[in-house]
Trainee: 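Provided herewith is a single structure, encoded as structure tokens, for subsequent inquiry.
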Amino acid sequence: MANSFERIYAVVKKIPRGTVASYGQVALLAGNPRWARVVGYALHANPDPEGIPCYRVVTKDGRTSPAFAFGGADIQRALLEADGIEFTEDGRVDMAKYGWTGLG
DNA sequence: GCTATGACAAGAA
DNA sequence: CTTCTTGCCATAG
């Protein structure tokens, strides 16, 4: 059983609608702040795309991943906007407003 | 068990 | 700002 993945998935699934979390954030909430890469790997596997909103996970800059292959890089933005998240002219998300602290 | 790879993050030039 | 380098951990072959 993939303990790491299970934990990461659990965290990603807990991300509330209208908020986004960075890989490092998810990794930290998952239990290890060094899982940033593992988080990406876990999301890449994405065994349950319906329960795991991987599109709510962005880089530390609040930008979408450059290799987001969840149907298209533009898809992620559309999904986030659908959650009520705004994008800056730089194509980034305001982590100060939409950044999930994990507290709730 | 080791090597290679990666949807990251932080630092340096 | 772009590009390169290092650090970290787990998965796949």
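So that the names make sense, note that chain A is the first sequence line, chain B the second, and so on, each numbered from 1.
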Trainee: Name all residues meeting the ring-ring contact (aromatic ring centres under 6.0 Å, His included) criterion together with A:Y9; count only those two or more places apart in sequence or in a different chain, and write none if there are none.
Mentor: A:F5
Trainee: Test of understanding: with side-chain hydrogen bond (donor to acceptor under 3.5 Å, both in side chains), list the residues that count as partners of A:Y41, not counting sequence neighbours.
Mentor: none
Trainee: With sequence neighbours excluded, tell me which residues meet side chain to side chain contact (heavy atoms under 4.5 Å, CB included) with A:T88.
Mentor: A:D90, A:R92
Trainee: Are side-chain heavy atoms of A:W100 and A:V26 found at a separation under 4.5 Å?
Mentor: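 Heavy-atom side-chain distance check fails, nothing below 4.5 Å.
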Trainee: On a heavy-atom basis, which atom in A:K13 and which in A:P53 lie closest, and how many Å separate them?
Mentor: CA-CD, 4.1 Å
Trainee: Whole-Å distance between C:dA12 C1' and A:F5 CZ?
Mentor: 10 Å
Trainee: Can you check the A:I8 CD1 to C:dT11 P distance for me, whole Å?
Mentor: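 Atom-to-atom, A:I8 to C:dT11, this comes out as 9 Å.
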Trainee: Does any residue of residues 15-28 of chain A have a heavy atom under 4.0 Å from DNA chain B, and if so, which ones, in number order?
Mentor: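 Only A:Y23, A:G24 qualify.
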Trainee: Provide the full list of side-chain hydrogen bond (donor to acceptor under 3.5 Å, both in side chains) pairs with a residue in residues 25-39 of chain A, sequence neighbours left out, each pair given once.
Mentor: none
Trainee: Nearest to the side chain of A:Y41, heavy atoms from C-beta on, is which of B:dA7, C:dA10, C:dA12?
Mentor: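 From the listed options, C:dA12 comes nearest.
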Trainee: Give the residues of residues 31-38 of chain A touching DNA chain C, defined as any heavy atom closer than 4.0 Å, sorted by residue number.
Mentor: A:R34, A:W35, A:R37, A:V38
Trainee: Return no unless some side-chain N or O of A:S65 is found under 4.0 Å from OP1 or OP2 of B:dC8.
Mentor: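 Answer is yes, contact under 4.0 Å.
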Trainee: How close or far is atom C1' of B:dG11 from atom NZ of A:K60, stated in whole angstroms?
Mentor: 10 Å
Trainee: Taking all heavy atoms of A:G18 and all of A:Y98, pick out the closest pair and write down the distance.
Mentor: O-CD2, 3.3 Å
Trainee: Send over the distance from A:N3 CG to C:dC9 C1', rounded to a whole Å.
Mentor: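 Spelled out: CG on A:N3 to C1' on C:dC9 is 14 Å.
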Trainee: Could you check A:V12 against A:R56 for side-chain contact (heavy atoms from CB on, under 4.5 Å), going step by step and ending with a plain yes or no?
Mentor: CA-CA 8 Å; A:V12 176; A:R56 284 189 197 148; 6.0 Å; no
Trainee: Given atom CZ of A:R63 and atom C1' of B:dC8, what is their separation to the nearest angstrom?
Mentor: 13 Å
